[in-house]
J.: 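Dumping the structure here so I can ask a few things about it.
Reckoned from all heavy atoms, side chains included, excluding hydrogens, waters and symmetry mates.
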Amino acid sequence: MSSAPTPLLEERLRDADRSQNTILMAARDEFAEHGLGGARMDRIAERAGLNKRLIYYYFEDKEKLFQAVLEQVYRDIRERERELNLLHLKPESAVRRLVEFTWNYYLEHPEFLTLLNSANLHRARHLQQSERARQLNSPLVATLGEILERGRVEGTFRGGIDPVQLYVSIAGLSYFYLSNNHTLSAIFGRDLMTPKAHSERLSHMCDVILGYVLRS
């Protein structure tokens, strides 16, 4: 029969959690700024205000630290999506809410986009090795699938919509616009990052996605 943790052990565990979270936040910023190849463990330790040996103790090497950062940022966005309580909304409202949330989250967290860019440069091998990342993303697909099916049964959504394809479209409409805003603004001679441009983009995305899922 195991005994309850002692107060000293509990405090050490809390210290370990705090240290790991501090390292992950510092590493997130370093990887977002410099990419996996340009990131330096010395700078991560300096950002975190911790000994570099502690980083290696918890995460072994830069590759595993990058994987842990990716898992953390996916955990963060999935937790925020769960807080939307999409299943308590009408199907049309739920889809609109997801589009709005995705757009605003990407705007508020540009580091998420740069980390995805870095992960893709390395052919997502860190995510392929992460069972945790797949587990984190599965509930979103299930939730969206349930919303689509409810909308179909109610007669508001057309049938045969793949929830994965739909989410890729929602994410892609935000991601491409924001990650390429400099080139797009230069090419078309329009500042695509003004508040007015943001509002127009979100309205357009909602029209595109709902135009696809709603029955005509």
J.: Is there a donor in the side chain of Thr156 and an acceptor in the side chain of Glu92, or the other way round, less than 3.5 Å apart?
T.: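 Note: Thr156 and Glu92 side chains miss the donor-acceptor criterion.
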J.: Any non-hydrogen side-chain atom of Tyr58 less than 4.5 Å from a side-chain atom of Ser19?
T.: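 They are in contact (side-chain heavy atoms under 4.5 Å apart), so the answer is yes.
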J.: Distance-only, no hydrogens or angles: does the Arg150 side chain make a donor-acceptor pair with backbone N or O of Leu87 under 3.5 Å?
T.: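 Yes, Arg150 side chain to Leu87 backbone: donor-acceptor pair under 3.5 Å.
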J.: Is it true that Val99 and Leu192 fall in one hydrophobic cluster, defined by side-chain heavy atoms closer than 4.5 Å?
T.: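 Yes: a chain of side-chain contacts under 4.5 Å links Val99 to Leu192.
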J.: Can you tell me if Glu46 has over 12 outside heavy atoms packed within less than 6.0 Å of its CD?
T.: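 Atom CD in Glu46 is not crowded, with 12 or fewer foreign heavy atoms closer than 6.0 Å.
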J.: Could you go through Gln128 and Arg125, starting from their C-alpha distance and side-chain angles, then the distance that decides it, and tell me whether this counts as side chain to side chain donor-acceptor pair (under 3.5 Å)?
T.: CA-CA 5 Å; Gln128 290 170 358; Arg125 69 173 186 270; over 6 Å; no
J.: Identify the heavy atoms of Ile55 and Met41 that sit nearest to each other, and give their distance.
T.: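 Heavy-atom minimum between the residues: CG2-CE, 3.5 Å.
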J.: Is any side-chain heavy atom of Gln67 closer than 4.5 Å to one of Glu63?
T.: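 They are not in side-chain contact.
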J.: Could you give the distance from CG (Leu50) to CZ (Arg18), rounded to the nearest 0.5 Å?
T.: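 So the CG of Leu50 and the CZ of Arg18 are separated by 11.5 Å.
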J.: Using modelled atom types only, decide if a donor and an acceptor are shared between the side chain of Thr102 and the backbone of Ala171 within a distance under 3.5 Å.
T.: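 Side chain of Thr102 to backbone of Ala171: no pair is present.
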J.: Would you call the rings of Tyr105 and His109 parallel, tilted or perpendicular, taking 30° and 60° as the class edges?
T.: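 Parallel, since the angle between the ring planes stays under 30°.
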J.: With a 4.5 Å heavy-atom cut-off, do Met205 and Leu202 have their side chains touching?
T.: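 Counting from C-beta outward, Met205 and Leu202 do come under 4.5 Å.
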J.: Please find the pair of heavy atoms, one from Glu111 and one from Arg28, that lie closest to each other, and give the distance.
T.: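 The pair with the smallest heavy-atom distance is CG-CD, 3.9 Å.
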J.: Answer yes if Leu86 and Leu214 sit in the same cluster of Ile, Leu, Val, Met, Phe, Trp and Tyr residues linked by side chain heavy atoms under 4.5 Å apart, and no otherwise.
T.: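 Yes, one cluster joins them.
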J.: What's the verdict on side-chain contact (heavy atoms from CB on, under 4.5 Å) for Leu36 and Leu121, showing C-alpha distance, side-chain angles and the deciding distance?
T.: CA-CA 9 Å; Leu36 175 59; Leu121 282 175; over 6 Å; no
J.: Under 3.5 Å, is there a donor-acceptor pair between the side chain of Ser138 and the main chain of Arg134?
T.: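 Yes, the answer is positive, given that a donor and an acceptor are paired below the 3.5 Å cut-off.
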J.: Calculate, to the nearest 0.5 Å, the distance between atoms CD and CD belonging to Gln129 and Glu71 respectively.
T.: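 The CD atom of Gln129 sits 10.0 Å away from the CD atom of Glu71.
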J.: State, yes or no, whether a side-chain contact exists between Leu166 and Ile170 at a heavy-atom distance under 4.5 Å.
T.: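 The answer is yes; the side chains approach within 4.5 Å.
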J.: Indicate yes or no: at least one non-hydrogen side-chain atom of Asp29 is less than 4.5 angstrom from one of Met25.
T.: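 A side-chain contact under 4.5 Å is absent here.
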J.: Under a plain distance cut-off of 3.5 Å, with no hydrogens placed, do Arg132 and Gln135 share a side-chain donor-acceptor pair?
T.: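 Looking only at side-chain atoms, Arg132 and Gln135 do not form any donor-acceptor pair under 3.5 Å.
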J.: Is it the case that one hydrophobic cluster holds both Val164 and Tyr175, taking links as side-chain heavy atoms less than 4.5 Å apart, direct or via other members?
T.: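 As far as the 4.5 Å side-chain criterion goes, Tyr175 and Val164 are not connected within one cluster.
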J.: For residues Phe66 and Ser118, determine if any side-chain heavy atom of one lies less than 4.5 Å from a side-chain heavy atom of the other.
T.: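 The answer is yes, as the side chains (C-beta and beyond) meet within the 4.5 Å cut-off.
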J.: Mind telling me whether Phe112 and Tyr106 have parallel, tilted or perpendicular rings, with 30° and 60° as the class edges?
T.: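 It falls in the tilted class, 30° to 60°.
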J.: Show the numbers, then the answer: is there a salt bridge (Lys or Arg N to Asp or Glu O under 4.0 Å) between Lys196 and Glu200?
T.: CA-CA 6 Å; Lys196 181 175 183 292; Glu200 290 172 347; 2.5 Å; yes
J.: Is it the case that over 12 heavy atoms from other parts of the model lie below 6.0 angstrom from the CE atom of Met193?
T.: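 Yes, because the 6.0 Å sphere around CE of Met193 holds more than 12 heavy atoms from other groups.
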J.: Closest approach of Ala45 and Asn51, non-hydrogen atoms and distance?
T.: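 Minimum heavy-atom separation between Ala45 and Asn51: CB-C, 4.4 Å.
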J.: Do Ile209 and Val168 share a hydrophobic cluster (ILVMFWY, side-chain heavy atoms under 4.5 Å, transitive)?
T.: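 Different hydrophobic clusters.
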J.: Please name the pair of heavy atoms, one in Gly38 and one in Arg43, separated by the smallest distance, quoted to 0.1 Å.
T.: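 That would be O-NH2, 2.8 Å.
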J.: If I take atom CG from residue Leu140 and atom CZ from residue Arg82, how far apart are they, to the nearest 0.5 angstrom?
T.: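 Going from the CG atom of Leu140 to the CZ atom of Arg82 covers 10.0 Å.
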J.: Side chain to side chain donor-acceptor pair (under 3.5 Å) with Asn181: which residues, sequence neighbours excluded?
T.: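 By the side chain to side chain donor-acceptor pair (under 3.5 Å) rule, Asn181 matches no residue at all.
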J.: Quick check for you: to the nearest 0.5 Å, what is the distance between Ile161 atom CD1 and Ile147 atom CD1?
T.: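 Reported to 0.5 Å precision, the distance equals 11.5 Å.
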J.: Locate the shortest heavy-atom distance separating Ile23 from Ala48; write the atom from each residue and the value.
T.: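 Reported closest heavy-atom pair: CA-CB, 4.3 Å.
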J.: Treat each ILVMFWY residue as a node, draw an edge where side-chain heavy atoms are under 4.5 Å apart, and state whether Trp103 and Leu89 are in one component.
T.: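 Same cluster.
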J.: Mark yes or no for whether Ser130, through its side chain, and His126, through its backbone, hold a donor-acceptor pair below 3.5 Å.
T.: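 Looks like no, no N/O pair under 3.5 Å.
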J.: Just by modelled atom types, is the Pro195 backbone N or O under 3.5 Å from a matching donor or acceptor in the Ser199 side chain?
T.: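 Checking the backbone N and O of Pro195 against the side chain of Ser199, no donor-acceptor pair under 3.5 Å is found.
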J.: Against Glu30, only a single residue in Lys62, Arg40, Arg47 fulfils side chain to side chain donor-acceptor pair (under 3.5 Å); can you say which?
T.: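 Among Lys62, Arg40, Arg47, the one meeting side chain to side chain donor-acceptor pair (under 3.5 Å) with Glu30 is Arg47.
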J.: Starting at OG1 of Thr22, measure out to CG of Asp17 and round the result to the nearest 0.5 Å.
T.: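 The OG1 atom of Thr22 sits 10.5 Å away from the CG atom of Asp17.
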J.: Does some side-chain heavy atom of Phe31 sit less than 4.5 Å from a side-chain heavy atom of Leu70?
T.: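 Leu70 vs Phe31: side chains apart.
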J.: Does any non-hydrogen side-chain atom of Phe157 lie less than 4.5 Å from one of Glu149?
T.: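 The answer is no; the side chains never approach within 4.5 Å.
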J.: Mind checking the NE2-OG spacing from His198 to Ser203? Nearest 0.5 Å is all I need.
T.: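 Result: 14.5 Å between the selected atoms.
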J.: Taking all non-hydrogen atoms of both residues, which atom of Leu113 and which atom of Ser179 are closest, and how far apart?
T.: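 Scanning both residues, the minimum pair turns out to be CD1-N, 4.4 Å.
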